[in-house]
Amino acid sequence: MEKPLYRQVILDLEQQIKNMQPNAKLPSERQLLVKYGVSRNTVRLALQDLEERGLIYRLHGKGTFVSSTFINQPNIGGMYSFSEELKRTGQKASTKNKSLDLIIPDKNIAAQLNLKPTEKTYKLVRLRLANNEPRIFSTSYLPEKIFPELVIDDLNSKPLYTVMKEKYNQISVMAFEDVEAVCLNSEESKNLAEEVGAPSLKIFRKTINDKNVPVEFTISLARGDKFVYRSRQYNDLS
């Protein structure tokens with residue numbers, strides 16, 4: 001099946017960006033319209049995708065530019081897909097689901113998910129790999145009332161967010177994250193096949209659905225030598 005037009009534009013622009021210098025200016029929207037023979041909306045969708053993944057940045061009234069750092073480093077921030085991020089950099093993603101248990105969470109987890117003291121969550125422990133090498137070790141908490149009868153077989157056959165959407169009609173639209181720089185302890189280092197004391201990013205992530213309800217809280221450890229956490233800030237010039 002032929003790729004959608006905006007995906008074709010994205011792939012072509014990605015190849016161009018890899019051969020450009022940081023902060024180099026990209027062609028204007030009008031120039032891209034002419035080059036690819038597509039609609040303005042198609043070009044904007046492609047540029048939005050590239051911007052969200054940190055490959056480019058846009059300055060109002062100035063144009064679109066190649067990001068200055070870590071162009072080929074997977075971005076662990078934002079509403080990302082682990083598989084898609086690795087695929088973009090030519091790596092193969094896989095997941096090992098270690099365990100799935102129904103528990104009564106502690107007060108901190110319950111507060112993150114707006115749960116009452118007696119309400120339960122599924123505790124999902126996973127290891128994410130790239131080219132069969134450990135990259136992220138995560139523990140996710142999923143409210144039982146939103147994901148009733150969740151079983152690990154569901155997650156062994158499809159990605160978590162796909163199961164959320166297809167089986168439970170839950171669409172994630174927003175995530176709040178806190179990130180800490182930490183050093184791995186003995187147990188953590190074994191999970192990530194790293195040395196004790198190796199640097200890591202510890203990420204606390206709460207995901208919200210389209211009804212503004214928390215549907216997931218995840219605590220992850222990502223190898224510090226394999227990921228960058230990328231964000232964008234804008235100055236209010238008004």
Side-chain angles (χ1 to χ4, degrees), residues 4 6-7 10 44-55 74-89 93-103 105 108-116 119-130 135-180 201-222 227-233:
Y6 83 96
R7 289 296 305 170
I10 288 170
R44 287 180 175 175
L45 281 173
L47 292 175
Q48 179 180 335
D49 179 276
L50 295 171
E51 184 179 23
E52 287 177 350
R53 290 191 284 125
L55 299 180
N75 176 22
I76 199 68
M79 293 297 292
Y80 69 96
S81 163
F82 178 78
S83 299
E84 287 298 320
E85 277 291 306
L86 292 183
K87 183 178 179 181
R88 181 178 64 80
T89 56
S94 59
T95 300
K96 289 184 179 180
N97 295 305
K98 297 285 192 177
S99 62
L100 179 69
D101 299 299
L102 187 60
I103 66 167
N108 291 331
I109 301 298
Q112 291 289 342
L113 294 170
N114 294 347
L115 297 179
K116 298 176 182 177
E119 291 182 313
K120 297 181 179 181
T121 68
Y122 288 98
K123 179 182 178 181
L124 171 64
V125 179
R126 298 186 294 168
L127 180 64
R128 317 298 299 275
L129 303 99
R135 295 294 172 86
I136 302 176
F137 187 82
S138 65
T139 302
S140 299
Y141 299 88
L142 308 159
E144 181 194 21
K145 63 182 179 182
I146 297 177
F147 304 103
E149 300 181 1
L150 179 65
V151 293
I152 202 163
D153 285 346
D154 293 333
L155 304 169
N156 287 334
S157 59
K158 294 181 179 180
L160 174 59
Y161 279 21
T162 301
V163 173
M164 285 181 172
K165 182 177 180 180
E166 293 183 356
K167 185 175 181 178
Y168 298 101
N169 196 31
Q170 294 296 323
I171 301 173
S172 302
V173 298
M174 185 185 304
F176 298 94
E177 293 185 333
D178 293 314
V179 182
E180 296 178 354
L201 296 174
K202 189 170 188 178
I203 305 155
F204 302 85
R205 178 185 180 97
K206 177 165 69 174
T207 307
I208 308 297
N209 68 10
D210 54 347
K211 298 179 177 61
N212 200 32
V213 175
V215 294
E216 172 202 10
F217 183 68
T218 295
I219 303 172
S220 300
L221 283 168
F227 290 98
V228 60
Y229 191 94
R230 185 180 297 116
S231 66
R232 294 185 299 275
Q233 292 83 35

Go through the structure and list residues passing side chain to side chain contact (heavy atoms under 4.5 Å, CB included) with Gln112, not counting sequence neighbours. Lys206, Phe217
Is there side-chain contact between Ile146 and Val213, with at least one heavy-atom pair below 4.5 Å? yes
Would you compute the distance between atom CG of Leu160 and atom OG1 of Thr207 and round it to the nearest 0.5 angstrom? 8.5 Å
Among residues at least two apart in sequence or on other chains, which ones pass side chain to side chain donor-acceptor pair (under 3.5 Å) with Thr218? Ser140, Glu216
Euclidean distance, Ile208 CD1 relative to Ile171 CD1, rounded to 0.5 Å: 14.5 Å
Among residues two or more places apart or on two chains, list those pairs meeting salt bridge (charged side-chain N to carboxylate O under 4.0 Å, His left out) that have a residue in residues 139-157. Glu119-Lys145, Asp154-Lys167
When rounded to the nearest 0.5 angstrom, what distance separates CE in Met164 from CD in Gln170? 8.0 Å
Testing the basics here: between Ile136 and Ser220, what is the closest heavy-atom pair and its distance to 0.1 Å? CG2-CB, 3.9 Å
Would you call Leu115 and Pro105 a side-chain contact if the rule is heavy atoms closer than 4.5 Å? yes
Once salt bridge (charged side-chain N to carboxylate O under 4.0 Å, His left out) is applied, do any residues pair with Lys158, and if so which ones, sequence neighbours excluded? Glu166
For Leu150 and Tyr122 the tightest heavy-atom approach is N-OH, 3.4 Å
Could you work out, with ring pair (Phe, Tyr, Trp, His ring centres under 6.0 Å) as the rule, every residue matching Tyr168, not counting sequence neighbours? Phe147
Does Asn209 use its side chain to pair, donor to acceptor, with the backbone of Lys211 at less than 3.5 Å? yes
Side chain to side chain contact (heavy atoms under 4.5 Å, CB included) against Asn97, all qualifying residues, sequence neighbours excluded: Thr95, Leu124, Arg126, Ile152, Leu155, Asn156
Who pairs with Asp49 by side chain to side chain contact (heavy atoms under 4.5 Å, CB included), at least two apart in sequence or on another chain? Arg7, Ile10, Arg53
Excluding sequence neighbours, so at least two apart, what forms side chain to side chain contact (heavy atoms under 4.5 Å, CB included) with Lys98? Val125, Leu127
Would you compute the distance between atom CG of Leu47 and atom CG of Leu55 and round it to the nearest 0.5 angstrom? 11.0 Å
Calculate, to the nearest 0.5 Å, the distance between atoms NZ and CG belonging to Lys123 and Leu142 respectively. 12.5 Å
